[in-house]
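Right, one structure below, let's go through it.
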Amino acid sequence: MKTAIIGCGNLGKALARGMVESGMIEANHLFATRRNVHALEELKALGIHTMSSNQEATKQADLIILAVKPWKVVEVIEEIRPLLVAGRHMLVSVATGITMGEMQEAAGIDLPVFRAMPNTAADVGESMTCICHSNASLVQMDLVEKIFQSLGGTIQINEELMEAATILGACGIAYVMRFMRAMVQGGIQIGFSAKMASEIVNQTVKGASKLLIERGEHPENEIDKVTTPKGCTIVGLNEMEHNGFSSSLIKGIVASYEKIERT
């Protein structure tokens with residue numbers, strides 16, 4: 001299926017690279033747009049068609065992924081509306097806050113519409129993408145899910161959870177990165193070089209995640225395995241909790257969610 005990614009900023013480019021490098025879509029079946037098309041040279045080098053015209057990309061594609069800012073989604077759909085064909089086109093938005101109903105209304109015709117919330121780890125095939133849909137057949141649902149599965153994990157959710165998915169899955173990348181940066185800074189303070197501290201932290205976080213994914217355990221079960229009585233781990237954990245580690249993270253997640261709810 002020929003696919004257009006409209007609005008290739010950081011996320012759009014990550015999606016394009018991920019789909020091509022995973023083999024899910026051939027580069028010459030992918031069309032990427034951006035007003036400043038020169039910013040897409042790296043995608044062009046992969047064999048992806050790059051252009052500044054959203055309408056031209058729509059003419060070429062069957063599946064249209066809208067990777068623009070939320071306030072641009074309706075505007076872009078209205079721009080390409082005369083070219084949308086029932087029975088051919090499907091719309092997928094990866095923007096926050098625009099409902100499937102609003103997308104359908106802007107399109108003016110009955111089309112399968114999807115909302116998907118991946119994160120920038122799509123660039124390395126490790127995204128978690130939450131997906132909801134409307135007016136889509138089982139075949140169409142399966143196709144869209146397989147596209148995003150080529151970029152990592154997927155989960156089907158109800159639309160009312162999409163804003164929460166944005167916070168936990170997409171914004172969550174930044175939260176984890178900030179935690180990792182703090183670990184590196186701590187590692188430097190206790191004697192490691194920045195490079196060595198980064199290597200240790202990166203692999204430690206990767207290993208911790210893999211333990212939970214493969215064993216299906218609750219994090220506390222794995223924590224218990226390394227917190228020996230009077231040991232250094234429990235001292236460190238307690239010090240972090242005394243300074244609000246868990247509560248500050250929870251408050252940050254809730255504050256981000258409330259920001260979306262207000263906009």
Side-chain angles (χ1 to χ4, degrees), residues 1-16 19 25 29-40 43-44 48-120 122 129-137 139-141 143-145 147-148 151 157-166 170 259-263:
M1 175 168 284
K2 293 184 178 180
T3 300
I5 302 178
I6 294 179
C8 275
N10 291 332
L11 179 57
K13 287 193 284 189
L15 291 171
M19 284 190 281
I25 293 179
H29 286 175
L30 190 57
F31 303 83
T33 77
R34 186 166 175 169
R35 185 175 299 172
N36 176 15
V37 72
H38 299 296
L40 301 179
L43 299 186
K44 188 175 182 180
I48 296 169
H49 301 282
T50 60
M51 57 194 69
S52 58
S53 172
N54 296 333
Q55 292 186 332
E56 183 59 32
T58 301
K59 288 179 186 177
Q60 300 294 331
D62 307 300
L63 176 66
I64 301 165
I65 298 176
L66 302 161
V68 296
K69 298 295 184 184
W71 57 87
K72 294 280 289 183
V73 171
V74 170
E75 178 183 325
V76 168
I77 295 175
E78 290 175 345
E79 176 191 351
I80 64 175
R81 177 174 177 166
L83 302 169
L84 295 174
V85 178
R88 177 193 175 192
H89 286 115
M90 294 190 290
L91 296 177
V92 180
S93 169
V94 295
T96 300
I98 302 300
T99 68
M100 292 185 291
E102 290 171 316
M103 293 167 61
Q104 195 77 65
E105 183 178 354
I109 56 174
D110 286 336
L111 295 175
V113 295
F114 296 79
R115 290 179 66 186
M117 185 46 60
N119 58 43
T120 53
T129 304
C130 296
I131 304 171
C132 63
H133 57 84
S134 174
N135 204 30
S137 69
V139 172
Q140 291 164 334
M141 289 160 49
L143 174 64
V144 170
E145 187 164 24
I147 286 176
F148 285 99
L151 309 176
I157 64 173
N158 294 328
E159 185 173 23
E160 57 264 28
L161 286 173
M162 284 303 294
E163 277 59 56
T166 302
K259 170 65 176 175
I260 285 186
E261 289 289 280
R262 289 194 300 268
T263 57

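Excluded from the calculations below are hydrogen atoms, water molecules and symmetry mates; all remaining heavy atoms, backbone and side chain alike, are included. Quantities reported herein were computed from a predicted structural model and do not represent experimental measurements. Starting from 1, each residue takes its place in the sequence as its number.
Of all heavy-atom pairs between K13 and C8, the closest is CG-O, 3.8 Å. Pairing each heavy atom of D110 with each of Q104, the nearest pair is CA-NE2, 3.2 Å. In this structure, T33 and S53 approach most closely via the heavy-atom pair CG2-O, 3.7 Å. In terms of heavy atoms, M117 sits closest to T96 at CE-OG1, 3.7 Å. Between I157 and A165, the shortest heavy-atom contact is CD1-CB, 3.9 Å. Listed here is the closest heavy atom pair of S93 and A95: OG-N, 3.1 Å.
Atom CD1 in I77 sits 5.0 Å away from atom CG in L66 (nearest 0.5 Å). The CE atom of M100 lies 3.5 Å from the CD atom of E159; values are rounded to the nearest 0.5 Å. Here R115 contributes atom CZ and I131 contributes atom CD1; the two are 12.5 Å apart, rounded to the nearest 0.5 Å. Distance check, rounded to the nearest 0.5 Å: OG1 of T120 to CG of L151 gives 12.0 Å. Atom CG of L111 sits about 5.5 Å away from atom CG of L84, to the nearest 0.5 Å. The structure places OG1 of T58 at 3.5 Å from CD1 of I80, a figure rounded to the nearest 0.5 Å.
The shortest side-chain heavy-atom distance between F114 and M103 does not fall under the 4.5 Å cut-off. Within the 4.5 Å cutoff, side-chain heavy atoms of M1 are placed close to those of L143. Counting only heavy atoms from C-beta outward, the side chains of H29 and T3 never approach each other to under 4.5 Å. With a 4.5 Å cut-off on side-chain heavy atoms, H49 and Q60 do not count as touching. Residues I5 and I48 form no side-chain contact, since every pair of their non-hydrogen atoms from C-beta on lies 4.5 Å or further apart. Residues L15 and F148 are in side-chain contact: their nearest non-hydrogen atoms beyond the backbone lie under 4.5 Å apart. Side-chain contact check for I65 versus M19: some heavy-atom pair is nearer than 4.5 Å. H89 has its side chain out of reach of I109: every pair of non-hydrogen atoms, C-beta onward, lies at least 4.5 Å apart.
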* salt bridge (charged side-chain N to carboxylate O under 4.0 Å, His left out) assessment of K2 paired with D62 -> CA-CA 5 Å; K2 293 184 178 180; D62 307 300; over 6 Å; no
* Would V68 and I6 satisfy side chain to side chain contact (heavy atoms under 4.5 Å, CB included), going step by step from the backbone distance to the final call? -> CA-CA 7 Å; V68 296; I6 294 179; 4.2 Å; yes
* Stepwise, does the salt bridge (charged side-chain N to carboxylate O under 4.0 Å, His left out) test hold for E163 with K259? -> CA-CA 10 Å; E163 277 59 56; K259 170 65 176 175; over 6 Å; no
* To do: Begin from the C-alpha positions of L63 and I147 and carry the test side chain to side chain contact (heavy atoms under 4.5 Å, CB included) through to its verdict.
  => CA-CA 11 Å; L63 176 66; I147 286 176; 3.2 Å; yes
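For N10, the CG atom sits in a loose shell: 12 or fewer heavy atoms of surrounding residues, nucleotides or ligands are nearer than 6.0 Å. Dense packing is recorded around CZ of R88, with more than 12 heavy atoms of other residues, nucleotides or ligands lying under 6.0 Å away.
Between E78 and R81, none of the side-chain N atoms (NZ, or NE/NH1/NH2) sits under 4.0 Å from a carboxylate O, so this pair counts as no salt bridge.
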